[in-house]
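Whatever order the structure lists them in is the order used to number ligands and atoms, beginning at 1. Starting from 1, each residue takes its place in the sequence as its number. When reading the values below, keep in mind they use all heavy atoms of this one structure, side chains included, and skip hydrogens, waters and symmetry mates.
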Amino acid sequence: MTCFICKGNMTNSTTTYMEDLGNCIVIIKNVPCNKCTQCGEISYSGSTVKKIEAIINQLKNSLTEVAIVNYSAA
Ligand SMILES: [Zn+2]
């Protein structure tokens with residue numbers, strides 16, 4: 001797999017995904033991703049994106065201001 005920005009090599013890595021929902025900030029740790037060794041661009045696979053969406057949907061109605069979840073435990 002090559003980076004769509006700089007055509008560099010993408011390697012398997014993990015990252016911390018953050019999303020601001022307005023009333024709540026969701027932080028998901030240890031999200032598997034492909035990371036470019038050259039420019040640092042990150043891309044997620046389709047199934048990872050689906051799981052991130054599912055986690056966020058679950059947390060949307062949460063009353064906490066900051067929700068931190070571990071991807072592998074979610
Ligand atoms: Zn790149």
Find out if a path of hydrophobic residues (ILVMFWY) with successive side-chain heavy-atom gaps under 4.5 Å connects Ile42 to Met10. no
Using a 4.5 Å cut-off on heavy atoms from C-beta on, say whether the side chain of Asn34 contacts that of Tyr44. no
Does Ile68 share a hydrophobic cluster with Val31, counting links as ILVMFWY side-chain heavy atoms below 4.5 Å and allowing steps through other members? no
Is there a path of hydrophobic side-chain contacts, each under 4.5 Å between heavy atoms of I/L/V/M/F/W/Y residues, joining Ile25 to Val69? no
Contact list for residues 7-17, test side chain to side chain donor-acceptor pair (under 3.5 Å), sequence neighbours left out: Tyr17-Glu19
Taking all non-hydrogen atoms of both residues, which atom of Ile55 and which atom of Tyr71 are closest, and how far apart? CD1-CD1, 4.3 Å
Within less than 2.8 Å of the Zn ion (ligand 1), the count of protein N, O or S atoms comes to 4
